Trainee: 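Below you'll find the structure I mean.
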Amino acid sequence: CLCFGPVVYSFPLDISEEYLTAIRLDQADDQAAGDYNYDQQGDDWEGLCQTGQAQSPIALNVEETEDMYVPRIRFHYYNETLQTPLVLMNNGHTANMVIPPTQLGPRAYINGALLPGNFEAQSVHFHWGSRNSSGVEHLVNYNIERAQVEMHIVHKNTRYATTSEASKHRDGLAVLGVLIRPGRRQNSRNSGLTKIFNRVPRIVQYNTNATINGRLEVAQLLGSVVTGEFFTYNGSLTTPDCAEAVTWIVFPDVLELQYRLIERLFNLRDSRSRPLINNYRDLQDTNGRPIYYRRLPDLPNLV
Ligand SMILES: [Zn+2]
(Lines give C-alpha, C1' and ligand atoms only; values in the text may rest on other atoms or scores of the structure.)
Protein backbone atom coordinates (compact mmCIF):
# COMPACT_ATOMS: atom_id res chain seq x y z
CA CYS A 1 0.00 0.00 0.00
CA LEU A 2 1.03 3.62 -0.44
CA CYS A 3 0.90 4.77 3.19
CA PHE A 4 2.34 8.10 4.29
CA GLY A 5 1.84 9.27 7.82
CA PRO A 6 -1.55 9.23 9.51
CA VAL A 7 -3.60 9.50 6.32
CA VAL A 8 -3.43 7.10 3.40
CA TYR A 9 -2.76 8.91 0.15
CA SER A 10 -2.77 7.39 -3.27
CA PHE A 11 -0.40 9.25 -5.56
CA PRO A 12 0.43 8.53 -9.21
CA LEU A 13 3.21 5.96 -9.49
CA ASP A 14 5.41 8.08 -11.73
CA ILE A 15 5.73 10.83 -9.11
CA SER A 16 9.35 11.64 -8.22
CA GLU A 17 10.60 11.05 -4.68
CA GLU A 18 11.62 14.73 -4.49
CA TYR A 19 8.16 15.99 -5.47
CA LEU A 20 6.48 13.53 -3.10
CA THR A 21 8.68 14.78 -0.26
CA ALA A 22 7.75 18.39 -1.09
CA ILE A 23 4.03 17.48 -1.05
CA ARG A 24 4.40 15.72 2.29
CA LEU A 25 6.24 18.73 3.77
CA ASP A 26 3.50 21.03 2.51
CA GLN A 27 0.86 18.75 4.05
CA ALA A 28 2.77 18.65 7.34
CA ASP A 29 2.93 22.49 7.42
CA ASP A 30 -0.80 22.67 6.85
CA GLN A 31 -1.56 20.09 9.55
CA ALA A 32 0.82 21.79 12.02
CA ALA A 33 -1.46 24.84 11.79
CA GLY A 34 -4.15 22.84 13.60
CA ASP A 35 -7.76 22.19 12.76
CA TYR A 36 -8.86 25.67 11.71
CA ASN A 37 -11.87 26.55 9.62
CA TYR A 38 -13.53 29.59 8.03
CA ASP A 39 -16.75 29.57 10.11
CA GLN A 40 -15.91 33.09 11.41
CA GLN A 41 -13.58 34.18 8.56
CA GLY A 42 -10.62 33.74 10.90
CA ASP A 43 -11.90 35.94 13.75
CA ASP A 44 -11.68 32.92 16.10
CA TRP A 45 -8.11 31.97 15.20
CA GLU A 46 -5.70 32.32 18.10
CA GLY A 47 -2.10 33.33 18.82
CA LEU A 48 -0.44 35.69 16.38
CA CYS A 49 -3.64 35.70 14.30
CA GLN A 50 -5.18 37.67 17.23
CA THR A 51 -2.20 39.62 18.56
CA GLY A 52 -0.15 40.32 15.42
CA GLN A 53 0.30 43.91 14.31
CA ALA A 54 1.31 43.19 10.70
CA GLN A 55 -1.48 40.87 9.59
CA SER A 56 -2.97 40.14 6.18
CA PRO A 57 -5.12 40.62 4.18
CA ILE A 58 -5.63 44.39 4.14
CA ALA A 59 -7.38 46.96 1.97
CA LEU A 60 -5.18 48.34 -0.80
CA ASN A 61 -5.98 51.71 -2.35
CA VAL A 62 -3.74 53.57 -4.77
CA GLU A 63 -4.48 56.88 -3.01
CA GLU A 64 -3.11 55.53 0.26
CA THR A 65 0.31 54.39 -0.95
CA GLU A 66 3.76 55.84 -0.31
CA ASP A 67 5.30 58.16 -2.86
CA MET A 68 8.36 56.05 -3.65
CA TYR A 69 9.77 54.43 -6.77
CA VAL A 70 9.42 50.63 -6.80
CA PRO A 71 11.48 48.57 -9.28
CA ARG A 72 9.79 45.96 -11.44
CA ILE A 73 9.58 42.29 -10.50
CA ARG A 74 12.11 40.09 -12.25
CA PHE A 75 10.86 36.62 -13.19
CA HIS A 76 13.32 33.76 -13.67
CA TYR A 77 12.48 30.36 -15.21
CA TYR A 78 8.82 31.36 -15.14
CA ASN A 79 8.56 30.39 -18.82
CA GLU A 80 10.23 27.00 -18.37
CA THR A 81 8.15 23.83 -18.33
CA LEU A 82 7.72 22.34 -14.87
CA GLN A 83 8.60 18.73 -14.12
CA THR A 84 5.61 16.40 -14.32
CA PRO A 85 3.36 14.96 -13.03
CA LEU A 86 1.75 17.86 -11.16
CA VAL A 87 -0.55 17.05 -8.26
CA LEU A 88 -3.56 19.13 -7.17
CA MET A 89 -4.85 18.42 -3.64
CA ASN A 90 -7.86 19.27 -1.50
CA ASN A 91 -6.25 19.85 1.92
CA GLY A 92 -9.55 20.81 3.56
CA HIS A 93 -8.79 24.54 3.35
CA THR A 94 -8.13 25.09 -0.34
CA ALA A 95 -7.15 23.52 -3.64
CA ASN A 96 -3.37 23.41 -3.48
CA MET A 97 -0.63 22.48 -5.93
CA VAL A 98 3.01 22.13 -4.86
CA ILE A 99 5.23 23.59 -7.61
CA PRO A 100 8.12 21.30 -8.61
CA PRO A 101 11.41 22.47 -10.19
CA THR A 102 11.50 23.19 -13.94
CA GLN A 103 12.56 20.48 -16.37
CA LEU A 104 15.87 22.36 -16.74
CA GLY A 105 16.56 21.73 -13.05
CA PRO A 106 16.28 25.16 -11.37
CA ARG A 107 13.11 26.34 -9.66
CA ALA A 108 11.14 29.31 -10.96
CA TYR A 109 12.02 32.33 -8.80
CA ILE A 110 11.49 36.06 -8.49
CA ASN A 111 13.51 39.03 -7.28
CA GLY A 112 13.42 42.79 -7.82
CA ALA A 113 10.53 44.96 -6.58
CA LEU A 114 11.14 45.49 -2.83
CA LEU A 115 11.91 41.80 -2.32
CA PRO A 116 14.72 41.14 0.19
CA GLY A 117 16.34 38.34 -1.81
CA ASN A 118 15.53 35.60 -4.31
CA PHE A 119 12.21 33.83 -3.79
CA GLU A 120 11.45 30.37 -5.26
CA ALA A 121 7.90 29.40 -6.27
CA GLN A 122 6.70 26.74 -3.81
CA SER A 123 2.97 26.27 -4.24
CA VAL A 124 -0.22 27.80 -5.56
CA HIS A 125 -3.68 27.85 -3.96
CA PHE A 126 -6.95 29.76 -4.09
CA HIS A 127 -9.42 31.63 -1.87
CA TRP A 128 -13.04 31.83 -3.01
CA GLY A 129 -16.48 32.86 -1.91
CA SER A 130 -19.70 31.35 -3.15
CA ARG A 131 -22.13 31.74 -6.01
CA ASN A 132 -23.42 34.95 -4.46
CA SER A 133 -20.37 36.49 -2.86
CA SER A 134 -16.76 37.39 -3.49
CA GLY A 135 -13.96 35.38 -1.94
CA VAL A 136 -11.03 37.71 -2.40
CA GLU A 137 -8.82 38.39 0.60
CA HIS A 138 -7.22 41.72 -0.37
CA LEU A 139 -9.71 44.48 -1.09
CA VAL A 140 -8.15 46.24 -4.08
CA ASN A 141 -9.40 49.75 -4.89
CA TYR A 142 -12.78 49.00 -3.27
CA ASN A 143 -13.49 46.43 -5.95
CA ILE A 144 -16.04 43.86 -4.80
CA GLU A 145 -17.58 41.66 -7.42
CA ARG A 146 -19.53 38.47 -7.12
CA ALA A 147 -17.70 35.13 -7.38
CA GLN A 148 -14.24 36.62 -7.38
CA VAL A 149 -11.29 34.39 -6.52
CA GLU A 150 -7.82 35.27 -5.19
CA MET A 151 -4.90 33.12 -6.29
CA HIS A 152 -1.76 32.98 -4.12
CA ILE A 153 1.57 31.86 -5.54
CA VAL A 154 3.73 31.23 -2.46
CA HIS A 155 7.49 31.80 -2.72
CA LYS A 156 10.27 31.02 -0.23
CA ASN A 157 13.47 33.01 0.27
CA THR A 158 16.31 30.80 -1.06
CA ARG A 159 18.31 31.50 2.12
CA TYR A 160 15.95 29.21 4.07
CA ALA A 161 15.71 25.45 3.55
CA THR A 162 11.99 24.95 4.01
CA THR A 163 8.77 26.96 3.99
CA SER A 164 8.24 26.36 7.70
CA GLU A 165 11.77 27.59 8.48
CA ALA A 166 11.20 30.61 6.21
CA SER A 167 7.94 31.43 8.01
CA LYS A 168 9.95 32.18 11.18
CA HIS A 169 11.70 35.13 9.51
CA ARG A 170 10.35 38.48 8.34
CA ASP A 171 12.12 38.08 4.99
CA GLY A 172 11.11 34.42 4.67
CA LEU A 173 8.23 34.40 2.19
CA ALA A 174 6.84 36.31 -0.77
CA VAL A 175 3.33 35.78 -2.09
CA LEU A 176 1.97 36.96 -5.43
CA GLY A 177 -1.76 37.71 -5.15
CA VAL A 178 -3.81 37.61 -8.34
CA LEU A 179 -7.52 38.40 -8.51
CA ILE A 180 -9.70 36.33 -10.83
CA ARG A 181 -13.26 37.20 -11.88
CA PRO A 182 -15.79 35.44 -14.06
CA GLY A 183 -15.45 36.59 -17.64
CA ARG A 184 -15.27 35.63 -21.24
CA ARG A 185 -12.07 37.36 -22.22
CA GLN A 186 -10.26 34.89 -24.45
CA ASN A 187 -6.87 34.28 -22.97
CA SER A 188 -4.77 31.37 -24.13
CA ARG A 189 -1.95 32.49 -21.85
CA ASN A 190 -3.81 31.55 -18.67
CA SER A 191 -4.15 28.02 -19.98
CA GLY A 192 -2.39 27.02 -16.75
CA LEU A 193 -5.40 28.11 -14.72
CA THR A 194 -7.71 26.19 -17.04
CA LYS A 195 -5.59 23.05 -16.60
CA ILE A 196 -5.83 23.35 -12.82
CA PHE A 197 -9.55 24.15 -12.73
CA ASN A 198 -10.28 21.23 -15.08
CA ARG A 199 -9.07 18.88 -12.33
CA VAL A 200 -10.99 20.47 -9.45
CA PRO A 201 -13.97 18.05 -9.91
CA ARG A 202 -11.52 15.22 -9.07
CA ILE A 203 -10.68 16.65 -5.62
CA VAL A 204 -14.16 17.29 -4.22
CA GLN A 205 -13.48 15.28 -1.06
CA TYR A 206 -10.97 16.24 1.65
CA ASN A 207 -7.52 14.71 1.21
CA THR A 208 -8.01 13.66 -2.37
CA ASN A 209 -5.60 14.51 -5.18
CA ALA A 210 -5.55 14.53 -8.96
CA THR A 211 -2.85 14.71 -11.59
CA ILE A 212 -2.85 17.77 -13.83
CA ASN A 213 -2.63 16.90 -17.50
CA GLY A 214 -0.08 18.37 -19.86
CA ARG A 215 2.83 20.74 -19.51
CA LEU A 216 2.69 23.75 -17.25
CA GLU A 217 4.83 26.84 -16.73
CA VAL A 218 4.48 29.11 -13.69
CA ALA A 219 4.00 32.02 -16.14
CA GLN A 220 0.82 30.30 -17.34
CA LEU A 221 -0.70 30.89 -13.91
CA LEU A 222 -0.19 34.64 -14.26
CA GLY A 223 -1.43 34.58 -17.83
CA SER A 224 -2.02 38.07 -19.18
CA VAL A 225 -2.06 39.84 -15.80
CA VAL A 226 -0.17 43.15 -15.99
CA THR A 227 2.78 42.49 -13.67
CA GLY A 228 4.32 45.95 -14.08
CA GLU A 229 1.78 47.47 -11.69
CA PHE A 230 1.34 46.16 -8.17
CA PHE A 231 0.92 46.90 -4.48
CA THR A 232 3.62 45.64 -2.11
CA TYR A 233 3.70 45.61 1.69
CA ASN A 234 4.89 43.54 4.66
CA GLY A 235 2.27 41.24 6.10
CA SER A 236 1.43 37.73 7.18
CA LEU A 237 0.13 34.38 6.07
CA THR A 238 -3.68 34.58 5.87
CA THR A 239 -4.00 31.14 7.50
CA PRO A 240 -2.87 29.99 10.97
CA ASP A 241 -0.31 30.49 12.38
CA CYS A 242 -0.55 33.86 10.57
CA ALA A 243 3.26 34.18 10.58
CA GLU A 244 4.39 37.76 9.82
CA ALA A 245 6.91 36.60 7.25
CA VAL A 246 5.40 37.68 3.96
CA THR A 247 6.35 40.34 1.44
CA TRP A 248 3.04 40.66 -0.38
CA ILE A 249 2.78 41.62 -4.03
CA VAL A 250 -0.83 42.11 -5.17
CA PHE A 251 -1.76 43.07 -8.72
CA PRO A 252 -4.67 45.46 -9.36
CA ASP A 253 -5.18 43.92 -12.83
CA VAL A 254 -7.81 41.16 -12.72
CA LEU A 255 -7.70 37.90 -14.68
CA GLU A 256 -10.85 36.55 -16.26
CA LEU A 257 -11.83 32.89 -16.17
CA GLN A 258 -15.03 31.27 -17.37
CA TYR A 259 -17.63 31.04 -14.61
CA ARG A 260 -18.23 27.35 -15.41
CA LEU A 261 -14.62 26.75 -14.26
CA ILE A 262 -14.75 29.02 -11.18
CA GLU A 263 -17.98 27.45 -9.89
CA ARG A 264 -16.26 24.05 -9.63
CA LEU A 265 -14.53 25.36 -6.49
CA PHE A 266 -17.89 25.75 -4.75
CA ASN A 267 -18.42 21.96 -4.83
CA LEU A 268 -15.32 21.15 -2.76
CA ARG A 269 -15.76 19.72 0.76
CA ASP A 270 -13.74 20.33 3.92
CA SER A 271 -12.56 17.77 6.50
CA ARG A 272 -16.05 17.82 8.08
CA SER A 273 -17.59 17.04 4.68
CA ARG A 274 -19.19 20.47 4.70
CA PRO A 275 -19.07 22.73 1.62
CA LEU A 276 -15.66 24.40 1.36
CA ILE A 277 -16.85 27.91 0.49
CA ASN A 278 -15.93 31.41 1.68
CA ASN A 279 -12.39 30.30 2.56
CA TYR A 280 -11.10 33.83 2.92
CA ARG A 281 -9.91 35.74 5.99
CA ASP A 282 -11.47 39.05 7.06
CA LEU A 283 -9.58 42.29 6.43
CA GLN A 284 -6.98 43.20 9.06
CA ASP A 285 -5.81 46.59 10.39
CA THR A 286 -2.86 48.10 8.57
CA ASN A 287 -1.63 49.66 11.86
CA GLY A 288 0.11 52.38 9.90
CA ARG A 289 2.15 50.03 7.76
CA PRO A 290 3.49 51.65 4.59
CA ILE A 291 2.00 50.32 1.37
CA TYR A 292 3.98 50.83 -1.81
CA TYR A 293 2.70 50.96 -5.34
CA ARG A 294 4.54 50.43 -8.58
CA ARG A 295 3.15 52.35 -11.54
CA LEU A 296 3.89 51.57 -15.13
CA PRO A 297 6.20 54.24 -16.54
CA ASP A 298 4.40 56.80 -18.70
CA LEU A 299 4.55 55.83 -22.33
CA PRO A 300 5.84 58.45 -24.77
CA ASN A 301 3.07 60.16 -26.71
CA LEU A 302 2.56 58.56 -30.09
CA VAL A 303 2.15 61.16 -32.82
ZN1 LIG B 1 -3.64 32.11 0.49
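Predicted, not measured: the structure shown is a model, and the values here were computed from it. Every number for a ligand or one of its atoms is a count from 1 in the order of the listing. Heavy-atom basis, side chains included; hydrogens, waters and symmetry copies ignored.
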Trainee: Angle between ring planes, H155 versus Y78, binned at 30° and 60°: parallel, tilted or perpendicular?
Mentor: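 Rings of H155 and Y78: parallel, under 30°.
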Trainee: Listed by chain and number, what are the side-chain contact (heavy atoms from CB on, under 4.5 Å) partners of R202, not counting sequence neighbours?
Mentor: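 Listed in chain order: R199, A210.
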Trainee: Which residues satisfy the side-chain contact (heavy atoms from CB on, under 4.5 Å) test with R272, sequence neighbours excluded?
Mentor: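 In terms of side-chain contact (heavy atoms from CB on, under 4.5 Å), with neighbours along the sequence ignored, R272 is linked to N37, D39, D270, R274.
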Trainee: With distance as the sole test, does Q41 use its side chain to make a donor-acceptor pair with the main-chain N or O of N278 at under 3.5 Å?
Mentor: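 It does hold such a pair.
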Trainee: What's in the same ILVMFWY side-chain cluster as L104, cut-off under 4.5 Å, chained through other members?
Mentor: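 When side chains under 4.5 Å apart are linked, the cluster holding L104 also contains Y77, Y109.
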Trainee: Looking at Y292 versus W248, is the centre-to-centre ring distance below 6.0 Å?
Mentor: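 They do not qualify: ring centres at least 6.0 Å apart.
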Trainee: Relative to the Zn ion (ligand 1), how many protein N, O or S atoms have a separation of less than 2.8 Å?
Mentor: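 For the Zn ion (ligand 1), the figure is 3.
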